[in-house]
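These notes concern the structure reproduced below.
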Number of protein chains: 2
Amino acid sequence: MNARLRDVAEHAGVSVRTVSNVVNGFRYVAPDTRTRVQASIDELGYRPNLAARTLRHSRTGLIALVVPEIDSPYFAELAARTVRIAQHRGLTVLIDQTDGDFERERLLLHGKRGQLVDGVLFSPWAVAPADLAARTDTVPLVLLGEHDGPAPVDHVAIDNVAAAREATRHLLATGRRRIAVIGVQPRTLNASARQRLAGYRQELEAFGLAPVVDRERPVRRLHRSDGYQAMLELLDSETPDAVFCFTDQLALGAMRALAERGLSVPDDVAIVGFDDIEDGRYSVPALTTVSPDKDQIASLALDALAAQGKPPRSIIAPHELIVRATT
Amino acid sequence: MNARLRDVAEHAGVSVRTVSNVVNGFRYVAPDTRTRVQASIDELGYRPNLAARTLRHSRTGLIALVVPEIDSPYFAELAARTVRIAQHRGLTVLIDQTDGDFERERLLLHGKRGQLVDGVLFSPWAVAPADLAARTDTVPLVLLGEHDGPAPVDHVAIDNVAAAREATRHLLATGRRRIAVIGVQPRTLNASARQRLAGYRQELEAFGLAPVVDRERPVRRLHRSDGYQAMLELLDSETPDAVFCFTDQLALGAMRALAERGLSVPDDVAIVGFDDIEDGRYSVPALTTVSPDKDQIASLALDALAAQGKPPRSIIAPHELIVRATT
DNA sequence: ATGAAAGCGCTAACAC
DNA sequence: GTGTTAGCGCTTTCAT
């Protein structure tokens, strides 16, 4: 068994109170008492028991980051930044992976974690705003990414409509007219996808072009294979001169399909992605993409968590279009 | 404040013991008592306090996965699998990111986490076996990845020497003779890199070829940019006809450099990577690579954690060479 | 500046 | 089948 506060106290010949004071850096401890206690601590290898502390303070210093999949590059990069920023603030991040499973997401929302964490950063995939509203758990919650409909929770996202318009405008500006999109979500789950689609349509319309239904390709998930598949389907009907993919992963999959069909990027088909994951910076050719400011997202979300209690806010993080070699 | 066991007990008109029994699915509870208690639980929105439970049981159900960077695809994929498998075993994974910082790794080893976690899966970057031996913390530890020198801890890794030999042999079998490597670590930190280098040399030697010092390129880190840089340097002296990269990320960076110089893969230069990350499956051309069985690694590591107490073992996980389009 | 002791919420040994 | 209660390790009020 590990040494307890009392063991140290006995060893040093003082009371537990004094040891506690030393451990917590309390000011009023006689210097030599402090030295003696510290020596006992070292000798016994004492480590404070976090569970007991938590029970006392009813706060754990732990926050949960809930994502569909941690090995999806966007989430991996977001997680890395979140962990780093949280560390700076004295917080530890516990990562939960739902695999996009509705039941797991619901469980998490309703406090499966018990009082283990002080707050939850939640990137939903399957649950809808209504589920959020029905939440019974009381731990502070901040939503990551778009969601629509009124839900009584803070959320941090970029302006997806504006970002999609910029991406589309850029494609139009480089002379493309047959612009397709890949990444429409079949079920109405994914608000980000819906907003990106809306932005794309708006910009087309503003330019005087009518949307073509066959150019709006749905995908089941947002993996490379889905982008690959969707691109092949797109090529079966008509070859577009540009494709706006709702994630970089989809874009990379699409590029692979183009390469296999012997089509050149960007000469035959221009590609724009979304997320600015590292792979896109090193793909051949390098991927033009919408870059959400992930540091800001993490940072703002952590702020929102800390500021809970105030009325729920909708926080917009910055983004920018990064033009590389695919356009 | 949240409802406590006692609140539920009072509300249902029973003792805490009975409520505890219901919560924990104890058998001997009268059916109607159970129903009544359950109703109170739901009504009050009771959730067990994990801290109190932990204090009682002195086990948290939490394990830490310590990696240099969670957004490095290999670690992201390993983490995803570890989280998934741990979930199956009723364990929650807390992810710690050290950024390869020696001090942070040291702190973690010496129990910074207090009694927060029941075990640690540690993928070291900066600390050496000697540091491990000097460990004072008592939580079970399993090392992920190669390390050499005797350290009194379990570790799970693939056979890096054999894997490197297979990769090299494959390159030789396809007629390549000027085979370079990218990924040598300047300081002797990284045991995996050293073993891969050893395997490469052994195979060359077995084939009757002498190693050429200029073809063994060092890198500082294992990112794409390092691979890119190293490849450019390699091309400045002599163009090899094949490159064995010690990670897929290095390989992808190298491929980008080759593309920029107008060299074709695999016609001019064949490439083999290591790790089998998803990006490599979708790169153009798709990357030949050594694939460590990540599920097995995660699973064996969790087993080892559970089996602690026995003398430290060195556990070998399987791997295989996956031939794709770059060779 | 230090000691004594209550209590955070839960579990389980011991009653009945 | 259910009630009572000690105690997990820590912090902190109250007392000295």
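Residue numbers start from 1 in every chain, and the chains themselves are labelled A, B, ... in the order their sequence lines are given, proteins ahead of strands. Computation of the quantities below employed the complete heavy-atom set of this structure, encompassing side-chain atoms and omitting hydrogens, waters and symmetry-equivalent molecules.
One interatomic measurement links the two molecules: CG of A/N21 to C1' of D/dT12, which rounds to 9 Å at whole-angstrom precision. In this structure, the CZ atom of B/R34 is 9 Å from the P atom of D/dT2, given to the nearest Å. Atoms CZ (B/R6) and P (C/dG7) sit 10 Å apart, rounded to a whole Å. Separating the CZ atom of B/R4 from the P atom of C/dG9 is a distance of 5 Å, rounded to the nearest angstrom. Taking atom NE2 on A/H57 and atom P on D/dG9, their separation rounds to 18 Å, with Å as the unit. Computed from coordinates, the A/D7 CG to D/dC8 P distance equals 11 Å when rounded to whole Å. Atom CZ in A/R56 sits about 19 Å away from atom P in D/dG7, given to the nearest Å. Rounding to whole angstrom units, CG of residue A/L55 and P of D/dC10 are separated by 12 Å.
The shortest distance between the side-chain N/O atoms of A/T54 and the OP1/OP2 oxygens of C/dC8 is not below 4.0 Å.
Within the 4.0 angstrom heavy-atom criterion, base atoms lie near B/V16. Within the 4.0 angstrom heavy-atom criterion, only backbone atoms of the sugar-phosphate kind lie near A/T33; the bases stay farther away. When heavy atoms are screened at a 4.0 angstrom cut-off, A/R17 is found touching base atoms of the nucleic acid. Residue A/S20 is classed as a base contact, given a heavy-atom separation below 4.0 Å to a base.
Nearest-nucleotide positions on DNA chain D for A/L50 and B/V14 put B/V14 closer to the 5' end. Judged by closest nucleotide on DNA chain C, A/S15 is the one of B/N49 and A/S15 placed further toward the 5' end.
Considering only side-chain atoms of B/R53, the nucleotide from C/dA1, C/dC10, D/dC10 that sits closest is C/dC10.
With 3.5 Å as the limit, one finds a donor-acceptor pair spanning the side chains of A/E69 and A/H223. Residues B/R53 and B/N49 have side chains that never bring a donor and an acceptor to within less than 3.5 angstrom of each other.
Annotation for A/R313: atom CZ does not count as buried by contact number, only 12 or fewer foreign heavy atoms lying within 6.0 Å.
B/R84 has a carboxylate O that lies under 4.0 Å from a charged side-chain N of A/D99, or vice versa, which qualifies the two as a salt bridge. The existence of a salt bridge linking A/R47 and B/D137 is confirmed by a sub-4.0 Å separation between a basic side-chain nitrogen and an acidic carboxylate oxygen.
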